Protein chains: 2
Amino acid sequence: MISQAIEDYLKTIYKLQHGGTENERVTTSVIADRMGVAAASATNMIKKLAEMHLLVHTPYQGVGLTGAGRKIALETIRHHRLIELYLAQALGYPWDQIDAEADRLEHAISEEFEDRIDKALGYPTIGAHGEPIPTKQGKIEDLDYPRLSDLETGQPAIIRRVSDRNPEMLRYMDQMGLQLGTRVEVREKAPFSGPLQLKIDADKEEALGLEVAYNIFVDLAP
Amino acid sequence: MISQAIEDYLKTIYKLQHGGTENERVTTSVIADRMGVAAASATNMIKKLAEMHLLVHTPYQGVGLTGAGRKIALETIRHHRLIELYLAQALGYPWDQIDAEADRLEHAISEEFEDRIDKALGYPTIGAHGEPIPTKQGKIEDLDYPRLSDLETGQPAIIRRVSDRNPEMLRYMDQMGLQLGTRVEVREKAPFSGPLQLKIDADKEEALGLEVAYNIFVDLAP
DNA sequence: GATTTAATTTAGCCATGGCTAAAATAATGT
DNA sequence: ACATTATTTTAGCCATGGCTAAATTAAATC
């Protein structure tokens, strides 16, 4: 049986490999930090996962998932994202609460449950925060959107994805009227990493902290 | 934190205290048997639960839940039955599959989730197999129906509750057209624990094994 | 009441997955 | 090239919750 802990590590490693900037090493300390455990605990688990051939570990260099490891990671992520979407759409959860709930449920559901919510949702391919949902076969699109914080002034764009790491930030976005599909345009960028002046949906204009803009991914719009 | 194992033991003990015939001792071996663990494992856990004041253990006599223990047991059972009903009603699960799925989910859901499915189901008081659902405050009705196997010949009755212990039996009941609400009448009882001849819903008559009838609970009907 | 049988408990082991403190190794700065 | 610093690993510990085998204690039978 694959334990909850193993699924969590593989999921975390997968997301570190892909989410982060290209060519960032996924090292013991980065994994430990993201998992919220001591470095020694991560070392132990990495050793175990390597023995199980779920990842390859180059000492002091970092880890890389094997096909088998990636498969488990993607299954876990699929569960997570389907559950998140189900919580949001079927049960009316706000998007800042779905991640925590899905983190616990993702390890508890059966294939049957996965299939049933997948069907109930109409076989979705995009999750509640705009992330691609891996297929049952372990395929995943890589949607690679620019960050709102990197936009040229005057460039209109549509919000396509947000980071779900910070629930407080998600609540803040809600309050600002920033959702998936919202049309935005940067009006002015302040120097020294200051806030940017953002036009929202053709009728509103607000100052938005750069950290928030950094966590919003957009499609360029005409 | 209350572990999954503790919740499982308390739930099992609660059900043994109530489900079984009056005045049956809930002993170490009965608990071990029902939990599917060795007797020594049950002894360990009973010791621990007694130290936590979740139950009282009289050596060689059995255990009894304390108020605190019963509270946790009923919370767990509430989760279980709400989830079962949700799986059946919202996701179309057949009633023989909901117990296993709920056994895993019941430990993973939050209060928020509990509240949302409770609301989505319209604040139900009866579960998918006819069991009472404990309230959030830890109250539970004790519905005490006679067994179909104990019915007098000719006495019409309505199925109100079934045991969920055996999925195969539930599938068999489905096949026979025996559901909650189904009207039945015993036509003939065979001697030596043989099958009983059962009239089902005014149009069908079938032989039903005594073991099945023993696991069906009914309301007497006029 | 003594003995057999059955239930329970104790003792000691195992795996999992955390932890801290110390040692080893690599990366960095001078 | 060497010293300092940072990262990683090892060593050894802890709690949880299983297990088997042996010892104990209660219950049942003669």
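Fair warning: this is a prediction, and the values are worked out from it, not measured in the lab. Just so it is clear: chains get the letters A, B, ... in the order the sequence lines come, proteins before strands, and each one is counted from 1.
Ion pairing between a basic and an acidic side chain is recognised when a charged N comes within 4.0 Å of a carboxylate O; A:K136 and A:D115 show such pairing. A salt bridge links B:K11 and B:D103; the closest N-O separation between the charged side-chain nitrogens and carboxylate oxygens is under 4.0 Å. The residues B:K47 and B:E51 are annotated as not salt-bridged, no charged nitrogen and carboxylate oxygen being separated by less than 4.0 angstrom. A salt bridge links B:R78 with B:D118: the distance from a Lys NZ or Arg NE/NH1/NH2 to an Asp or Glu carboxylate oxygen falls below 4.0 Å.
At the phosphate of C:dA6, neither OP1 nor OP2 sits under 4.0 Å from any side-chain N or O atom of B:S29. An OP1 or OP2 oxygen of C:dA7 is reached within less than 4.0 angstrom by no side-chain nitrogen or oxygen of B:T27. Contact between the side-chain N/O atoms of A:Q61 and the OP1/OP2 oxygens of C:dT25 is not found at any separation under 4.0 Å. The phosphate of D:dT9 has OP1 or OP2 within less than 4.0 Å of a side-chain N or O from A:H57. OP1 or OP2 of D:dT9 has at least one side-chain nitrogen or oxygen of A:T28 nearer than 4.0 Å.
Proximity of B:V212 to B:M176: side-chain heavy atoms (C-beta onward) are nowhere separated by under 4.5 Å. When side chains are defined from C-beta on, B:M45 counts as touching B:I6, because their heavy atoms get closer than 4.5 Å. Proximity of A:L148 to A:L198: side-chain heavy atoms (C-beta onward) are separated by under 4.5 Å at one or more points.
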Each nucleotide N or O in nucleotides 21-24 of chain C that has a protein N or O under 3.5 Å away: list the pair and distance.
none

Polar-atom pairs under 3.5 Å, protein N or O versus N or O of nucleotides 3-5 of chain C: list them with distances, or write none.
none

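Looking at heavy-atom distances under 4.0 Å, B:A38 makes contact with a base. B:Q4 comes within contact range of no nucleotide atom at all, as no heavy-atom separation falls under 4.0 Å.
Atoms CD (B:E24) and C1' (C:dA7) sit 16 Å apart, rounded to a whole Å. Rounding to whole angstrom units, CZ of residue A:R25 and C1' of D:dT7 are separated by 15 Å. In this entry the distance linking CG of B:L10 with C1' of D:dG17 reads 15 Å, nearest Å. We find that CG of B:D33 is positioned 13 Å from C1' of C:dA7, with the value rounded to whole Å. Summarising the geometry, the separation between OH on A:Y9 and P on C:dT16 is reported as 14 Å, rounded to the nearest angstrom.
Below 30°, between 30° and 60°, or above 60°: for A:Y86 and A:F113 the angle between ring planes is above 60°, a perpendicular geometry.
Each of B:V30 and A:S41 was matched to the nucleotide of DNA chain C holding its nearest heavy atom; the match closer to the 5' end belongs to B:V30.
Shown here is B:E112, whose CD atom has more than 12 heavy atoms of other residues, nucleotides or ligands within 6.0 Å.
Within the model, atoms CD of A:E106 and NE2 of A:H79 stand 9.0 Å from one another, a figure rounded to the nearest 0.5 Å. Within the model, atoms CG of A:L91 and CD1 of A:I83 stand 11.5 Å from one another, a figure rounded to the nearest 0.5 Å.
Cation-pi geometry between A:R147 and A:Y214 is met: the NZ or CZ atom falls under 6.0 Å from the ring centre, inside 45° of the normal.
Here the nucleotide nearest the side chain of A:P59, chosen from D:dT20, C:dT8, D:dT9, is D:dT9.
Near DNA chain D, meaning a heavy atom under 4.0 Å away, the residues from residues 42-52 of chain A are A:T43.
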